[in-house]
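First the proteins, then the strands, lettered A, B, ... as listed; each starts at 1.
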Amino acid sequence: MAGAVTLARALRDPTALRLDTDWTGLITAARAEQLVGSLAWRLHGLPVPEPVAILLAEARDGAEAARRTALWEAEMARRALAPLGLPVVLLKGTAYVAAGLAAGQGRHIGDLDVLVPRDGLDAVEQALIAAGWEWVKPDPYDDAYYRRWMHELPPLIHRERDRMIDVHHTILPLTARRRPDPDALIAAARPLGNGLAVLSPSDMICHAAAHLFADGDLAGGLRNLWDIHCLVEEFGVDGLEARARHHGLGDPVRRACRHARALFGTAMPQGWGKDDALDRLIRRRLLARDGWGRPTRPVTRFAFYVRSHALRMPPAMLVRHLWIKARRRPASS
Amino acid sequence: MRHALSLRIGPFGFRIGSDWRAPIETLADLYADYPRPELPDYTVRLEALRPWRRWIRPAMAVSGDYMLPDAAPLPLAQALLAAEMGMNLQLALGARRFLLLHASAVERDGRALLMSGESGAGKSTLATLLAARGWRFMGDEFALIEPETGLAWPLPRLISLKNDGVSAAARVWPGARFGPLLHDTPKGTIRHLVPDATAIAAMDEPVQPAVLLFPRFGAAAAVRAVPPGEAFVRLTQASTNYVALGEAGFAALTALIRGVPAYAVDYPDGETAIAQVEALWPEP
């Protein structure tokens with residue numbers, strides 16, 4: 001049955017799909033990995049059975065609506081923040097569609113992610129609240145934790161449009177071992193001409209790789225890796241290694257490129273290292289989805305969940321953090 | 001998954017997978033006369049909440065291609081409700097080929113009567129009563145408006161009857177086939193009714209909407225013409241994907257509102273409602 005493995009193959013080379021493919025499994029896995037819009041564009045114009053074509057057209061239509069909504073949300077934030085005169089850099093999906101990149105084609109876009117200078121955070125927060133955004137997390141520990149240790153404000157949601165904004169001041173939590181250089185990110189950002197900007201190509205790849213391998217538990221990892229594939233194919237890797245080293249992200253970036261090459265055939269320079277033991281586990285985790293859309297490989301998943309916390313903070317702090325969380329919510333996770 | 005079934009209801013195909021055999025057997029029995037889809041549009045999963053909850057105090061999580069976070073689990077005995085909720089959720093969150101209105105629909109003279117209302121307004125019961133009097137049942141949950149044509153497409157799923165609606169339907173449909181009686185569900189007592197053969201046979205025949213009703217059960221009989229602006233606002237709230245469709249949704253909804261008269265109908269009992277509907281229905 002088709003699952004994430006078939007999905008990765010289809011994205012890599014859609015012409016290699018046979019007409020007797022398990023289309024239902026492929027589309028279900030793609031929906032579960034939030035890659036169905038990207039898949040639909042990869043298959044656009046290729047001969048597929050009629051009912052498949054209908055579902056793919058619907059997915060492209062849905063991605064177009066997501067793009068429009070994301071750009072509108074960015075515009076709303078721009079209007080709220082323009083009077084501050086601060087640089088506002090779009091990140092992730094919204095940045096890809098705003099800059100018209102291949103990575104944005106068909107991409108699912110959830111929250112609006114922006115990067116602003118850390119000393120402007122308070123002003124940004126006030127301006128957003130004045131413009132109708134509200135707190136999501138009422139818990140004082142979570143709130144304090146975000147403000148002290150995270151790379152972003154606690155998430156805000158707009159009370160009328162029901163859309164979330166994540167305001168970043170850097171791209172990894174402050175508790176993480178790696179410390180990217182947020183000033184350099186903002187200094188190198190490319191203006192879009194409307195008061196907003198996007199990261200430079202190398203920084204975009206660094207951010208995507210940091211998000212994938214230096215933070216989080218690889219949930220949605222296949223989509224993030226597809227982003228990296230598209231970015232590298234579009235921009236190449238000139239200057240990428242030096243930039244990654246500057247941010248302390250040499251390892252995650254090389255690792256991301258290795259996986260992108262292995263799964264999607266991404267072109268990358270020779271000598272960026274060979275797969276290590278962790279890479280084999282990562283591959284297992286990235287492809288842990290079956291044709292019913294179910295997550296598979298629970299042990300591998302759990303291992304990466306544990307790793308995400310180990311990456312995020314030192315052991316003593318982690319113990320304290322989990323202790324507080326466990327005491328507060330004994331009934332839930 | 002261990003147990004699975006594919007079925008087609010009107011324009012939508014569903015694939016339903018389950019960790020248990022019983023829910024699939026119930027669905028296969030009640031949906032026996034429905035066609036199989038060429039390719040399912042959506043996947044619905046009925047999974048054990050935790051691995052051991054397949055056997056110990058069985059509890060099912062409803063999921064699928066499209067999910068709500070924090071959806072409450074249901075006991076195994078309510079699997080039919082879980083499956084129906086799962087299918088509804090796929091349409092509400094995923095469908096883009098139609099404007100979805102939370103409404104029941106029946107057809108007569110080749111035209112559709114749409115009845116929109118909140119839970120408890122009597123949409124399903126009214127559709128059932130009208131079907132017993134010769135109208136064609138088109139659906140009791142979603143009216144599907146095709147943006148390109150303005151046509152209403154049938155979605156004749158099992159009819160979900162609540163509380164008093166169950167006995168009312170049993171009275172007018174003596175030979176009707178019912179699913180199991182589901183007590184203490186999040187929506188009260190529920191029983192599913194299999195639509196009649198006419199409704200299933202005509203599931204691929206869309207019709208032009210002719211009248212839009214906003215029924216309300218439990219008040220003294222009253223009929224009021226609803227101006228287009230009010231009908232528009234009510235239907236934006238009754239639509240699950242109006243916002244998601246963007247301009248196409250706006251165009252489809254304004255075309256519908258301009259094309260059909262709308263009425264708010266308060267009714268104390270089914271007999272009265274049927275008389276009200278018959279009086280409002282424009283003869284061909």
Report task. Taking the side chain as every heavy atom from C-beta outward, state whether A:I54 and B:R97 have any atom pair closer than 4.5 Å. Result -> yes
**Report entry** Validation row: B:E47, A:R294 side chains within 4.5 angstrom (heavy atoms)
**Finding:** yes
Residues, nucleotides or ligands: over 12 heavy atoms within 6.0 Å of [X] [atom1]:
X      : atom1 : value
A:F302 : CZ    : no
B:E118 : CD    : no
A:R9   : CZ    : no
A:E134 : CD    : yes
A:R161 : CZ    : yes
A:E75  : CD    : yes
A:D13  : CG    : yes
B:F250 : CZ    : no

Query raised in the report: For A:V52, is it the side chain, the backbone, both, or neither that has a heavy atom closer than 4.5 Å to a heavy atom of chain B?
Result: both
Report summary line: CG (B:L39) and CG (A:L55) are apart, to the nearest 0.5 Å, by 5.5 Å
Requested in this report: Measure the spacing between CZ of B:R96 and CZ of A:R60 and express it to the nearest 0.5 Å.
Outcome: 13.0 Å
Query - Over all atoms of both residues, closest heavy-atom pair of B:T43 and A:W292 - result: CG2-CE3, 3.5 Å
Requested in this report: Quick one: closest heavy-atom pair of A:A65 and B:A244, and the distance?
Outcome: CB-O, 3.8 Å
Query raised in the report: Of the listed residues (A:G291, A:A66, A:P51, A:A57), which shares the most heavy-atom pairs with chain B below a 4.5 Å separation?
Result: A:P51
Query raised in the report: Listed by residue number, which members of residues 144-152 of chain B have a heavy atom under 4.5 Å from any heavy atom of chain A?
Result: none
Query raised in the report: Side chain of A:R31, backbone of B:Y66: donor and acceptor closer than 3.5 Å?
Result: no
